[in-house]
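What follows is one structure encoded as structure tokens, with my remarks underneath.
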Amino acid sequence: FFIIKSLFINHNIFKIKKFCYFINMESNLLLSRTFMILGGMLVLTTFTARINKAFETSLETFITVGGSFIMLLLIMFNADTYPMNIIFVGIFSLFMGWSLGPTIAYIGENFKFRKYLKSKQVVSKSVAKVEKSNIEKFFGAKEEKHTVYYFKHSPEKIFERESDEFRKLIDDFEKNVLPHDRYNQEWQNIVFQALIGTTLAVLLTALINISFDYDFGFLGPVLFICLFALIIMEFLNAFYFKSKRRRLLQAYAGVIIFTFYLIYDFNRLEKAIAAGDTSWSTAIDIAVNLYLDIINLFIDLLTILAESE
């Protein structure tokens, strides 16, 4: 995502001084507060994500998602109220981790199930349902594609996800594969790659702001529109299209959007430092935004790596 340009020697000296100023956390209160909050949020999120691997009830899902939004609103309205702002940030991080654990587990289980189907020589393909009448055409009914499965050795025997044959595969997977975690090492490698990719993105985007004396503020409205469009597309895909290919393309789009959001938010931090802002509200605002950038980037990278496998 990044372009490194050659500059004159005197400008390189300026960049080195700028870098030293940027990383000297003791000399800048805003920088110290921002990364202290961000680090604490990531630690708390990791803790609860490791505890909760699945939502047991729909009520738990509702409380977790609703609690996250409520805590985010409380953070916004109490950004200047210390220490309540820090407490709300911590609770928000715990809620996010509680929802992140099942998300990662869901992606991992799908990854392992695809590996299992491959070992059983089960192949999938998309077929279209033929429109039945002119009335359906008149009212806008379209050909719906759905996925069917078959064994390589018996391509003529096609079955769907709702069939007894597929149910047998799921039961065998849950009884004989998941308890032994046959594909656990491969999945851990995928998670590690996503973590490395996210870490590199954070470091490189920070380095871009350090290296280039440029105002990236113009990215804000553009990224907001792109993110809004992405959310709408993900919503439509979840309830209408239900396409794995679209989900993968949306993950690629998410990686690009949140990478540029990292550049934008690091630039906001740099400008706030230059303005002499040391307030808790600014530190919390930037830390929460960086946190959400990192979490979303990690999930999209994880989705891409899992689907690519």
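T45 is linked by a side-chain hydrogen bond (donor to acceptor under 3.5 Å, both in side chains) to Y291, counting only residues two or more places apart in sequence or in another chain. For the side-chain hydrogen bond (donor to acceptor under 3.5 Å, both in side chains) test, residues two or more places apart in sequence or in another chain that qualify with Y149 are R161. For D277, the side-chain hydrogen bond (donor to acceptor under 3.5 Å, both in side chains) criterion is met by S279, T282, not counting sequence neighbours.
Contact annotation: the side chain of E109 approaches that of L178 to within less than 4.5 Å [non-hydrogen atoms, C-beta and beyond]. Annotation: side chain of I104 is in contact with side chain of I299 (closest heavy-atom distance under 4.5 Å). When side chains are defined from C-beta on, F151 counts as touching E165, because their heavy atoms get closer than 4.5 Å. In this structure the side chain of F216 never reaches within 4.5 angstrom of the side chain of R268, judged on heavy atoms. Considering only heavy atoms from C-beta on, M84 stays 4.5 Å or farther from F77 through its side chain. Taking the side chain as every heavy atom from C-beta outward, V177 and K112 never approach each other to under 4.5 Å. Between L269 and L30 there is a side-chain heavy-atom pair separated by less than 4.5 Å. No side-chain heavy atom of Y82 sits under 4.5 Å from any side-chain heavy atom of S281.
Residues near V222 contribute nothing to a hydrophobic cluster around it, because no ILVMFWY side-chain heavy atom sits closer than 4.5 Å to its side chain. Cluster partners of F239 are F235, counting Ile, Leu, Val, Met, Phe, Trp and Tyr whose side-chain heavy atoms approach within less than 4.5 Å, directly or via other members.
Ring-centre distance between F258 and F260: not below the 6.0 Å cut-off.
Relative orientation of the Y116 and F113 rings is parallel, given thresholds of 30° and 60° on the angle between their planes. Under the 30°/60° scheme for interplanar angles, the aromatic rings of F266 and F35 are found to lie parallel. A parallel orientation is assigned to the rings of F224 and F228, their planes being inclined by less than 30° (bins at 30° and 60°).
Around the CG atom of D164, the shell of radius 6.0 Å holds no more than 12 heavy atoms that belong to other residues, nucleotides or ligands. Within a 6.0 Å radius of NZ in K53, other residues, nucleotides and ligands contribute more than 12 heavy atoms. Applying the 6.0 Å contact sphere to NZ of K168 captures no more than 12 heavy atoms from other residues, nucleotides or ligands.
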**Request:** Applying side chain to side chain contact (heavy atoms under 4.5 Å, CB included), run through W280 and R33 and close with a yes or a no.
**Result:** CA-CA 7 Å; W280 276 108; R33 285 176 173 177; 3.4 Å; yes
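Across all non-hydrogen atoms, the minimal contact from V202 to I294 is CG2-CG1, 3.8 Å. Across all non-hydrogen atoms, the minimal contact from L301 to A194 is CD1-O, 3.9 Å.
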Side-chain donor-acceptor pairs of residues 86-100 under 3.5 Å, sequence neighbours excluded:
unit_1 : atom_1 : unit_2 : atom_2 : d
S93    : OG     : V89    : O      : 2.8
W98    : NE1    : E60    : OE2    : 2.7
S99    : OG     : M96    : O      : 2.9

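Salt bridge annotation for E234-R246: absent, with no cationic side-chain nitrogen under 4.0 angstrom from a carboxylate oxygen. A salt bridge links E186 with K115: at least one charged nitrogen is closer than 4.0 Å to a carboxylate oxygen. Salt-bridge formation is not detected for the pair D171/K175: no Lys NZ or Arg NE/NH1/NH2 atom is positioned less than 4.0 Å from an Asp or Glu carboxylate oxygen.
No option in R114, R245, R247, K244 other than R114 meets the salt bridge (Lys or Arg N to Asp or Glu O under 4.0 Å) test with E307. Exactly one of T278, L31, T34 qualifies for a side chain to side chain contact (heavy atoms under 4.5 Å, CB included) with I273. That residue is L31.
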